[in-house]
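Input: a single structure, listed below in structure tokens.
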Amino acid sequence: MSQHILITGGAGFIGSNFIVYFMEKYPDAHIIHLDKLTYAANPEYLKPVAQNPNYTFIHGDIADSNLVNSLFEKHNIQGVIHFAAESHVDNSITGPRAFVETNVIGTFTVLDAARRTWMEKPFVVKPEYANARFHHISTDEVYGSLGETGLFTEETPYAPNSPYSASKAASDHFVRAYHHTYGMNVTTSNCSNNYGPHQHFEKLIPTIISKCLAGAPIPIYGDGKNIRDWLYVLDHCVAIDLVFQTGKSGEVYNIGGRNERTNLQIVDAITTILDKKVPREGGKSYKEQITFVPDRAGHDRRYAIDATKIETELGWRAAETFDTGIVKTIDWYLEALAKK
């Protein structure tokens with residue numbers, strides 16, 4: 001692969017894991033990485049590729065149409081993998097405007113630049129961009145909340161319940177509309193909760209690990225029985241690559257780890273592992289630090305993804321179970337915290 005591919009938001013959690021994975025797998029690909037470097041980004045995670053001549057970093061905002069258009073023109077962009085997004089639900093509750101600006105306006109800006117670069121007119125692709133594709137990374141949160149049974153499929157109606165999920169739903173709809181209105185080659189993937197190396201400390205699993213080691217209260221929302229389907233980030237990277245390379249144009253693929261856990265099960269697993277790996281003085285358990293806090297506004301009760309479509313059509317399978325992935329994750333954070 002010798003394509004020039006624009007990756008947005010690649011200094012974030014999933015994006016940084018993906019760029020390193022992708023450049024190792026496709027050494028001839030040229031990555032143009034556009035990133036605003038918000039608080040959730042960390043360029044340190046891209047050190048393995050920073051000096052690679054096929055890696056070009058641009059500091060900028062995906063909502064800056066002049067900048068985005070110039071990148072398509074200068075670098076002959078032949079593919080887009082769009083990670084850039086504001087993603088922390090709590091922040092969307094206190095400051096929703098940033099989510100509209102990045103997730104909706106930003107997605108539209110990159111999508112429209114791709115359309116004008118790749119398309120002669122609706123349903124007529126310029127010959128040199130015959131294989132150009134826009135892949136959009138989204139979330140299972142656009143589907144709303146499940147009851148005690150059932151799974152999200154690609155046909156599940158959208159029912160976003162937070163400003164974050166509403167902004168992601170809007171971006172998904174723009175991507176879909178550009179396929180149906182203009183015939184653009186697009187794919188979308190909606191993933192379950194990711195975990196693994198590089199995740200920001202505001203998220204649940206890194207929060208639990210860091211609070212344990214700091215001897216601080218471990219905050220758990222409500223009764224702790226909210227359920228999420230957990231996906232190890234490198235499994236997600238493999239799935240994104242598969243969809244980008246072999247997915248059917250215009251299609252949506254749900255990516256889940258088939259690892260449903262309550263928040264209580266998550267904190268129990270982490271504290272049990274840390275009790276063995278980094279015992280507290282006096283033989284006390286980290287479980288004693290668990291503290292229940294008032295529930296998040298509009299907190300969805302359960303998410304769970306049916307990944308049958310990507311498993312059967314593209315042959316993807318999650319390599320990690322939660323039990324194996326959480327050990328790798330804890331080991332990475334222990335090493336990262338030791339360096340601070």
Under the salt bridge (Lys or Arg N to Asp or Glu O under 4.0 Å) rule, what do E311 and R258 come out as? Steps first, then yes or no, please.
-> CA-CA 12 Å; E311 290 171 349; R258 299 192 184 275; 2.9 Å; yes

[atom1]-[atom2] distance between [X] and [Y], expressed to the nearest 0.5 angstrom:
{"X": "S87", "Y": "K203", "atom1": "OG", "atom2": "NZ", "answer": "3.5 Å"}
{"X": "S145", "Y": "D300", "atom1": "OG", "atom2": "CG", "answer": "4.5 Å"}
{"X": "D223", "Y": "N263", "atom1": "CG", "atom2": "CG", "answer": "9.0 Å"}
{"X": "T262", "Y": "N226", "atom1": "OG1", "atom2": "CG", "answer": "9.0 Å"}
{"X": "K36", "Y": "E86", "atom1": "NZ", "atom2": "CD", "answer": "7.0 Å"}
{"X": "I5", "Y": "I77", "atom1": "CD1", "atom2": "CD1", "answer": "9.0 Å"}

Distance-only side-chain donor-acceptor flag, [X] / [Y], under 3.5 Å:
{"X": "D241", "Y": "Q245", "result": "yes"}
{"X": "E202", "Y": "Y39", "result": "yes"}
{"X": "T271", "Y": "K287", "result": "yes"}
{"X": "T308", "Y": "D306", "result": "yes"}
{"X": "H136", "Y": "T187", "result": "no"}

Audit row: K248, E313, salt bridge (Lys or Arg N to Asp or Glu O under 4.0 Å) steps and yes/no | CA-CA 9 Å; K248 184 180 176 183; E313 293 187 12; over 6 Å; no

H4 and H75: ring-ring contact (aromatic ring centres under 6.0 Å, His included), yes or no, with the steps?
-> CA-CA 7 Å; H4 287 212; H75 294 284; 7.0 Å; no

Can you name the residues that form a side chain to side chain contact (heavy atoms under 4.5 Å, CB included) with A85, not counting sequence neighbours?
-> N103, K168

Which pair of non-hydrogen atoms, one from [X] and one from [Y], has the smallest distance, and what is that distance?
{"X": "S210", "Y": "T207", "answer": "OG-O, 3.1 Å"}
{"X": "N54", "Y": "P27", "answer": "ND2-O, 2.9 Å"}
{"X": "S167", "Y": "V104", "answer": "O-CG2, 3.6 Å"}
{"X": "L213", "Y": "L274", "answer": "CD2-CD2, 4.4 Å"}
{"X": "A41", "Y": "L37", "answer": "CB-CA, 3.7 Å"}
{"X": "E154", "Y": "V252", "answer": "CG-O, 3.2 Å"}

For the side chain of [X] and the backbone of [Y], is there at least one donor-acceptor N/O pair under 3.5 Å apart?
{"X": "Y286", "Y": "V278", "answer": "yes"}
{"X": "T329", "Y": "G325", "answer": "yes"}
{"X": "R176", "Y": "V186", "answer": "no"}
{"X": "R280", "Y": "S285", "answer": "yes"}
{"X": "W316", "Y": "A307", "answer": "no"}
{"X": "D35", "Y": "A11", "answer": "yes"}
{"X": "N259", "Y": "F322", "answer": "yes"}
{"X": "Q289", "Y": "A216", "answer": "yes"}
{"X": "Y333", "Y": "Q199", "answer": "yes"}
{"X": "N185", "Y": "F134", "answer": "no"}

I31 reachable from V80 in the ILVMFWY side-chain graph, under 4.5 Å edges | no

Does [X] reach the side chain of [Y], with side-chain heavy atoms less than 4.5 Å apart?
{"X": "L6", "Y": "F72", "answer": "yes"}
{"X": "I227", "Y": "R301", "answer": "no"}
{"X": "D61", "Y": "L67", "answer": "no"}
{"X": "N254", "Y": "K309", "answer": "no"}
{"X": "L234", "Y": "F18", "answer": "no"}
{"X": "L111", "Y": "M184", "answer": "yes"}
{"X": "Y303", "Y": "D229", "answer": "no"}
{"X": "I240", "Y": "F83", "answer": "yes"}

Verify the ring-centre separation between H299 and Y221: is it less than 6.0 angstrom?
-> yes

Would you confirm whether the ring centroid of F13 sits within less than 6.0 angstrom of the ring centroid of H198?
-> no

In terms of the angle between their ring planes, are [X] and [Y] parallel, tilted or perpendicular, with boundaries placed at 30° and 60°?
{"X": "Y143", "Y": "Y158", "value": "perpendicular"}
{"X": "W230", "Y": "Y195", "value": "perpendicular"}
{"X": "H33", "Y": "Y55", "value": "tilted"}

Report, as yes or no, whether the 6.0 Å neighbourhood of atom CG on D295 holds more than 12 heavy atoms from other residues, nucleotides or ligands.
-> yes

Evaluation steps, side chain to side chain contact (heavy atoms under 4.5 Å, CB included), between S249 and H179 = CA-CA 8 Å; S249 181; H179 176 72; 3.4 Å; yes

Taking it one step at a time, do L71 and K74 satisfy side chain to side chain contact (heavy atoms under 4.5 Å, CB included)?
-> CA-CA 5 Å; L71 294 181; K74 179 179 178 181; 5.7 Å; no

Derivation and outcome, side chain to side chain contact (heavy atoms under 4.5 Å, CB included), residues V125 and E120 = CA-CA 6 Å; V125 182; E120 290 278 7; over 6 Å; no

Report the residues that fulfil side chain to side chain donor-acceptor pair (under 3.5 Å) with T188, sequence neighbours left out, ordered by chain and then residue number.
->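 Once residues adjacent in sequence are excluded, T188 has no partner under the side chain to side chain donor-acceptor pair (under 3.5 Å) criterion.
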
Mind checking side chain to side chain donor-acceptor pair (under 3.5 Å) for T102 and listing every partner two or more places apart, or none if nothing turns up?
->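 Partners of T102 by the side chain to side chain donor-acceptor pair (under 3.5 Å) criterion come out as none, since no residue qualifies.
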
In a check of side-chain hydrogen bond (donor to acceptor under 3.5 Å, both in side chains) between N190 and each of D172, T156, D140, which one passes?
->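 Testing each of D172, T156, D140 against N190, the sole residue satisfying side-chain hydrogen bond (donor to acceptor under 3.5 Å, both in side chains) is D172.
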
Can you list the steps and then say if K284 with D275 is a salt bridge (Lys or Arg N to Asp or Glu O under 4.0 Å)?
-> CA-CA 8 Å; K284 291 183 178 180; D275 280 343; over 6 Å; no

Trace of the side chain to side chain contact (heavy atoms under 4.5 Å, CB included) decision for L334 with K277 = CA-CA 10 Å; L334 290 176; K277 286 183 175 287; 4.1 Å; yes

Would you call D331 and K328 a salt bridge, taking side-chain N to carboxylate O under 4.0 Å as the test?
-> no

